[in-house]
Structure formats: structure tokens, C-alpha cells
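When reading the values below, keep in mind they use all heavy atoms of this one structure, side chains included, and skip hydrogens, waters and symmetry mates. Predicted, not measured: the structure shown is a model, and the values here were computed from it.
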Amino acid sequence: GDATMGGTLGVTGATTLSSTLGVTSNATVGGTLGVTGDATMGGTLGVTSNATVGGTLGVTGDATMGGTLGVSGAATMSSNLNVTGAAALSSTLGVAKAATLSSTLGVTGAATMDSTLDVAKAATLSSTLGVSGAASMDSTLDVAKAATLSSTLAVSGDATLSAALGVTGAATLSSTLAVSGDATLN
């Protein structure tokens, strides 16, 4: 039947229980707690010191951490990574597939791209656009203010000017100058 002890139960050898061990109060283990089968906890698991998991840690529900999550090896996620606060990366962020940003991408340092930059909508630059190589445009180039060229402007097709063409220096034409309207020469 039931056994009640008002003091300590000391067992120096192994103890085998053929049924459930029910503990209604605190349990203190001074050495290693070894569990060879599954362990089920209906409440909170509180660990005040380090915890080492030699195999896979499977969590089927939410996991909440009040401190830092340190991962020394690779981390693989099969679904979304949702971060509600700021994320700081001390090294490279490598993205093998498409990346979608629903808000502003702010870059305070230099940005290097080894492939094409595709922009589907308008792009606004608050400072200089420096292009060290060739620039190809498949549509119209609209410039609302003055444009300064430090070298040659080469146009392989026709050029149409809707206003006056002002030339302060010499102009060299290697072929015919055709004028369909009036021409005034001073």
C-alpha cells in the first residue's frame, strides 16, 4: 500500500521503479540526471546554469529566450525567420535566392554588386551617381537640370534638340551641316 516517510529516504544502490515517479514538491539532483527514454514536462523547464544537448533539440511549439542566442555552427531554418527588433550582423549576409524587402533598405556604407541591379520603379539619388564603366539605357534619359560632361558626348543616332543649342567654343563637323529652316550667322 502507500508508504509515508517523514524524513530522508537514503538509497545507496540502484533504485528501480516499475511505475510513475510522482513528485509534488521540488526535486534536487546533486549529480547527473540521465534519461534514456523520452521526457515529458507539463510545465516550465527552468535551467539556471548551462545546458548541453548532444543530439537534436526538437521544439514543436514556440521558443522564447530572454537573453542572447549564441550559435557557433551553421543554422538551418526550413521556414520564415521573423525578427521584430533590430538585427545586427558582424559579418557577411549571404542570400542564395531572392530577397524581398517591404520597406526601406538603408545602407550607411559602400554597397558592392557583382551582377545586374534591376529597379522596376523610380530610383531617387540624393547625391552623385558615379559610373566607372559603360552605362546602357534602353529608354529615354530625362535630365531636369544642367548636365556636365567632362569628356566627349558620342551620339551614334539622330539627336533632336527642342530648344537652342549654345556652343561657347569651337564646333567641328566631319560631315554635312543640313539646315531645314532659317539660319542666322553673326
Side-chain angles (χ1 to χ4, degrees), residues 14 20-157 159:
T20 304
L21 171 63
V23 181
T24 58
S25 185
N26 296 331
T28 302
V29 179
T32 303
L33 173 62
V35 180
T36 57
D38 295 335
T40 303
M41 297 182 184
T44 303
L45 171 63
V47 181
T48 58
S49 186
N50 296 331
T52 302
V53 179
T56 302
L57 173 62
V59 180
T60 57
D62 296 335
T64 302
M65 298 183 183
T68 303
L69 170 63
V71 180
S72 58
T76 303
M77 299 182 183
S78 301
S79 185
N80 294 336
L81 170 63
N82 295 321
V83 181
T84 57
L89 304 177
S90 300
S91 185
T92 304
L93 171 63
V95 180
K97 293 190 177 182
T100 302
L101 304 177
S102 300
S103 184
T104 304
L105 171 64
V107 181
T108 57
T112 303
M113 298 182 183
D114 294 332
S115 185
T116 305
L117 171 63
D118 292 326
V119 180
K121 294 189 177 181
T124 303
L125 303 177
S126 300
S127 184
T128 304
L129 170 63
V131 180
S132 59
S136 299
M137 299 182 183
D138 294 331
S139 184
T140 305
L141 171 63
D142 292 326
V143 181
K145 294 189 178 181
T148 302
L149 303 176
S150 301
S151 184
T152 304
L153 171 64
V155 180
S156 59

Exercise: identify the closest heavy-atom pair between Val95 and Lys97: CG1-O, 3.1 Å

Atom of Val59, atom of Ala63 and distance for their closest heavy-atom approach: CG1-CB, 4.3 Å

Minimum heavy-atom distance between Ala74 and Val71, given as atom pair plus value: O-CG1, 4.3 Å

Nearest heavy atoms of Leu149 and Leu153, plus distance in Å: CD1-CB, 3.5 Å

